[in-house]
Novice: 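I'd like to ask some things about the structure below.
Reminder, nothing fancy here: chain letters follow the sequence lines and each chain counts from 1. Values reported hereafter were calculated over all heavy atoms of this structure, with side chains retained and with hydrogens, waters and symmetry mates removed.
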Amino acid sequence: MNTNDATQTPAVQFTSRAQQEEAAAFGMWVFIASELLFFGPLLAGYLYLRLHFPQGWTAASRHTDFLLGTVNTAVLLTSSLLMALAGHAAEAGQRRRAASLLAAAAALGLAFLAIKGYEYHAEFAERLFPGAGFFPSLAGKPQNVPGMELFFILYFALTGLHALHLSVGVIVSLGMAAGLRRPAPAGPNGTAVEVLGLYWHFVDAVWIFLYPLLYLVGRAGG
Amino acid sequence: MERTVRPLILTWLALLLLLAASAGTARLPLGWLNNVISLAIAIVKTLLVALVFMRLRRSPWLLRLAAMAGIFMLALLFALSATDYATRGPAQAPWQRPGAVAPRLGSSSVDTPPVEPVPPRPGDSTADAPSAGLHGG
């Protein structure tokens with residue numbers, strides 16, 4: 001199966017190539033577990049505030065861009081498919097194909113960030129950024145709906161932290177795509193692409209939860 | 001090659017269908033079921049991503065345990081936080097009725113009209129007297 005990697009000799013501390021690959025994936029999984037606790041406190045804050053300001057929460061969530069949020073979710077899910085395909089191609093030794101797929105996934109990541117940036121721009125223009133100028137137009141006076149500003153503090157913190165993670169993923173993907181252009185022993189191997197994929201899919205999974213939590217609350221009215 | 005790629009494509013299609021279901025049901029007025037459905041769909045989507053894209057389906061148990069450990073610690077964080085936050089209400093303090101407090105973060109003096117009395121909110125014990133009178137009469 002791993003025609004390319006399995007033939008290489010393992011590093012001195014490992015008994016086999018398979019063990020070395022498992023250790024690499026294990027390291028990334030431990031990192032992902034710690035990342036989960038990085039996002040976790042923000043989600044715990046979300047739960048607390050949503051239970052205490054239900055009206056403000058639905059009023060604020062309706063100010064987010066439903067269409068662009070949905071499109072962005074589809075963009076990110078598709079980038080994850082390309083990333084998974086890149087992992088398979090790299091393991092099969094198809095380095096050029098893997099490089100193209102990585103570049104395509106990174107391009108979709110950039111498209112996501114561009115759409116997100118446009119959303120931020122529109123939200124700044126609508127005066128939805130928390131601070132002295134916060135004044136959501138659709139819900140009347142913000143004084144009457146407490147919690148809206150708290151929603152937008154969490155909205156910008158969660159999406160901002162997610163965008164930061166995605167930016168890191170895009171940069172590493174582009175670097176790895178460039179490295180894969182070099183012939184086999186040099187540059188990243190299949191395991192490296194697979195481990196990058198684990199990180200990318202984790203960032204995707206975070207967005208899968210942010211989408212209903214930030215965009216879908218109170219969409220049906222009430 | 002085709003045999004390894006097909007589950008990935010099928011998973012992607014399932015993810016897009018679930019996204020469409022999530023976006024569609026969010027617009028139906030189902031009350032509290034809206035939250036249950038959207039979160040259940042998010043969990044199914046994450047499981048698909050973790051099992052197929054992240055290969056937990058065929059991973060050794062060491063990797064599955066690492067994934068579960070992260071979720072377990074997160075559950076612990078939520079549970080222990082809830083022992084505080086879920087067992088007491090918000091303190092009644094003047095800053096929680098922003099309309100009654102003059103300089104308010106978020107109110108711009110240019111665009112907001114002069115501050116008016118805020119209608120009492122349910123659960124706001126300091127303002128219960130007039131609303132109780134309405135219901136009683």
Novice: Go through A:Gly69, A:Ala205, A:Ala74 and name the one with the most non-hydrogen pairs under 4.5 angstrom from chain B.
Specialist: A:Ala74
Novice: Please classify the contact of A:Glu194 with chain B as side chain, backbone, both or neither, using a heavy-atom distance under 4.5 Å.
Specialist: side chain
Novice: Output the distance between atom OG1 (A:Thr73) and atom NZ (B:Lys45), rounded to the nearest 0.5 Å.
Specialist: 6.0 Å
Novice: Can you see which heavy atom on A:Ala33 is nearest to which on B:Gly70, and at what distance?
Specialist: CB-CA, 3.6 Å
Novice: Measure the spacing between CG of B:Leu74 and CZ of A:Phe38 and express it to the nearest 0.5 Å.
Specialist: 13.5 Å
Novice: Which one, A:Val206, A:Leu213, A:Leu43, leads in non-hydrogen pairs under 4.5 Å with chain B?
Specialist: A:Leu43
Novice: Could you give the distance from CG (B:Leu8) to OG (A:Ser80), rounded to the nearest 0.5 Å?
Specialist: 10.5 Å
Novice: May I ask you to decide whether A:Glu91 forms a salt bridge with B:Arg55, counting only side-chain N to carboxylate O separations under 4.0 Å?
Specialist: yes
Novice: Can you tell me how far apart CZ (A:Phe209) and CD1 (B:Ile41) are? Round to the nearest 0.5 Å.
Specialist: 11.5 Å
Novice: What are the two closest non-hydrogen atoms of B:Leu77 and A:Ala44, and how far apart are they?
Specialist: CD2-CB, 4.4 Å
Novice: Just checking heavy atoms, which of residues 196-203 of chain A are less than 4.5 Å from chain B?
Specialist: A:Leu198, A:His201, A:Phe202
Novice: Within the 4.5 Å heavy-atom criterion, are B:Tyr85 and A:Leu51 side-chain neighbours or not?
Specialist: no
Novice: Do you know the tightest heavy-atom contact between B:Ala42 and A:Ile208?
Specialist: O-CG2, 3.5 Å
Novice: Which donor-acceptor pairs under 3.5 Å do side chains of residues 9-31 of chain B form with protein atoms, sequence neighbours excluded?
Specialist:
unit_1: B:Thr11; atom_1: OG1; unit_2: B:Pro7; atom_2: O; d: 2.6
unit_1: B:Trp12; atom_1: NE1; unit_2: A:Thr78; atom_2: OG1; d: 3.1
unit_1: B:Thr25; atom_1: OG1; unit_2: B:Ala21; atom_2: O; d: 2.9
unit_1: B:Thr25; atom_1: OG1; unit_2: B:Ser22; atom_2: O; d: 3.3

Novice: At a 4.5 Å cut-off on heavy atoms, which part of B:Leu56 comes close to chain A: side chain, backbone, both, or neither?
Specialist: side chain
Novice: If every non-hydrogen atom of A:Trp29 is compared with every non-hydrogen atom of B:Ala67, which pair is closest and at what distance?
Specialist: CZ3-CB, 3.4 Å
Novice: Highest number of heavy-atom pairs under 4.5 Å with chain A: which of B:Leu65, B:Val49, B:Val52, B:Leu39?
Specialist: B:Val49
Novice: Check each atom of B:Ile43 against the heavy atoms of chain A and say whether the ones under 4.5 Å are side chain, backbone, both or neither.
Specialist: both
Novice: Does any part of the side chain of A:Leu81, heavy atoms only, come nearer than 4.5 Å to the side chain of B:Phe53, both counted from C-beta?
Specialist: yes
Novice: Given side chains that start at C-beta, do those of B:Met73 and A:Leu36 come closer than 4.5 Å, heavy atoms only?
Specialist: no
Novice: Flag the pair B:Asn34 / A:Arg219 as yes when at least one side-chain heavy-atom distance between them is below 4.5 Å, and no otherwise.
Specialist: no
Novice: Counting only heavy atoms closer than 4.5 Å, note whether A:Phe66 contacts chain B via side chain, backbone, both or neither.
Specialist: side chain
Novice: Answer whether the closest heavy-atom distance between the side chains of A:Met28 and B:Leu63 falls below 4.5 Å.
Specialist: no
Novice: Which atoms of A:Ile32 come close to chain B, meaning under 4.5 Å heavy atom to heavy atom: side chain ones, backbone ones, both, or neither?
Specialist: side chain
